[in-house]
Amino acid sequence: VPGVLLALLPVRVGGVQIKNLAGFSSPDLLTVGEASARLGLFDILRGQPRLRSIVRSDIGLWLERAADGRGNWESARQRDPAAPQAEIDVGQIMLNRVAVHYHDVRSETRRWVGVDELSASAARNDRLRLSLRFSCLARPRPSGAAMPRLPGRRSSAPRCRAPARP
């Protein structure tokens with residue numbers, strides 16, 4: 001029946017850790033507390049696997065630029081420009097409780113953003129629809145230091161602190 005999903009394969013994983021490259025200060029590049037995905041069974045049988053949805057929670061991402069200018073997110077291998085682009089077909093993506101940390105060793109810059117919820121969706125060859133709610137964009141500061149006043153922020157608003165490392 002067109003438009004009806006008759007069979008979905010659920011996949012769940014937890015405690016995912018991707019270690020950082022050698023030469024960077026953070027031990028992890030990415031941590032995911034819990035992740036689940038749904039794959040369409042008939043899509044797989046037709047040879048066109050499609051992720052119908054991805055939900056991830058409690059995510060930590062540590063981006064770092066080393067003193068020599070290398071970023072820990074950059075691939076050491078160069079992509080062959082003649083190679084075909086990978087086709088990615090994902091239905092709904094939902095990320096909950098995301099902490100993104102950034103550290104530039106050369107400039108001694110540290111930043112982080114706490115994302116409460118990020119949702120995205122796109123049909124094949126369609127525009128990406130994106131929704132984002134975030135809790136804070138801040139520079140780490142000494143413990144107990146006052147949060148700088150932001151325009152439009154009430155003084156009773158919660159303080160913005162970088163989450164502790166797991």
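None of these values were measured; they are calculated from a predicted model. Along the sequence shown, residues are numbered consecutively beginning with 1.
A single hydrophobic cluster is not seen to contain both W73 and L21; linkage of ILVMFWY side chains at heavy-atom distances under 4.5 Å, directly or through other members, places them apart. Hydrophobic clustering of Ile, Leu, Val, Met, Phe, Trp and Tyr side chains at less than 4.5 Å, counting indirect connections, unites V100 with I93. Under the 4.5 Å side-chain heavy-atom criterion for Ile, Leu, Val, Met, Phe, Trp and Tyr, F24 and L29 are members of distinct hydrophobic clusters.
Considering only residues two or more places apart in sequence or on other chains, R12 meets the side chain to side chain donor-acceptor pair (under 3.5 Å) condition with none of them. The side chain to side chain donor-acceptor pair (under 3.5 Å) test applied to S131 returns no partner, not counting sequence neighbours. Listed by chain and residue number, nothing satisfies the side chain to side chain donor-acceptor pair (under 3.5 Å) test with S57 (two or more places apart in sequence, or in another chain). For V11, the side chain to side chain contact (heavy atoms under 4.5 Å, CB included) criterion is met by L39, not counting sequence neighbours. Listed by chain and number, the residues in a side chain to side chain donor-acceptor pair (under 3.5 Å) with S119 amount to none (sequence neighbours excluded). Applying the side chain to side chain contact (heavy atoms under 4.5 Å, CB included) rule to L130 yields the partners L118, A120; only residues at least two apart in sequence or on another chain are considered.
Side chains of S53 and R38: a donor on one and an acceptor on the other come within 3.5 Å.
Among residue pairs with one or both ends in residues 90-99, those qualifying as side-chain hydrogen bond (donor to acceptor under 3.5 Å, both in side chains) are D58-R97; sequence neighbours excluded.
Nearest approach of H103 to S25, heavy atoms of both residues: ND1-OG, 3.9 Å. When every heavy atom of R106 is checked against every heavy atom of A66, the shortest pair comes out as CG-O, 4.0 Å. The shortest heavy-atom contact between K19 and Q17 is NZ-NE2, 3.6 Å.
Rounding to the nearest 0.5 Å places CG of L63 at 10.5 Å from CD of E74.
Among T31, L30, V16, the one residue that satisfies the side chain to side chain contact (heavy atoms under 4.5 Å, CB included) test with I59 is L30.
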With side chain to side chain donor-acceptor pair (under 3.5 Å) as the test, would you mind laying out the steps for N72 and E64 before giving the verdict?
-> CA-CA 6 Å; N72 66 343; E64 187 174 345; 5.1 Å; no
Does the side chain to side chain contact (heavy atoms under 4.5 Å, CB included) test come out yes or no for D28 and N20, once each step is laid out?
-> CA-CA 5 Å; D28 297 319; N20 212 346; 5.8 Å; no
Going through the checks in order, is the side chain to side chain contact (heavy atoms under 4.5 Å, CB included) test met by L61 and V98?
-> CA-CA 8 Å; L61 176 61; V98 180; 5.6 Å; no
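The number of heavy atoms from other shown groups lying within 6.0 Å of CZ (R56) does not exceed 12.
Taking Ile, Leu, Val, Met, Phe, Trp and Tyr as hydrophobic and joining them when side-chain heavy atoms fall under 4.5 Å apart, one finds V55 in a cluster with M94.
Aromatic ring pairs are classed by plane angle as parallel below 30°, tilted from 30° to 60° and perpendicular above 60°; the pair W62 and H101 is parallel.
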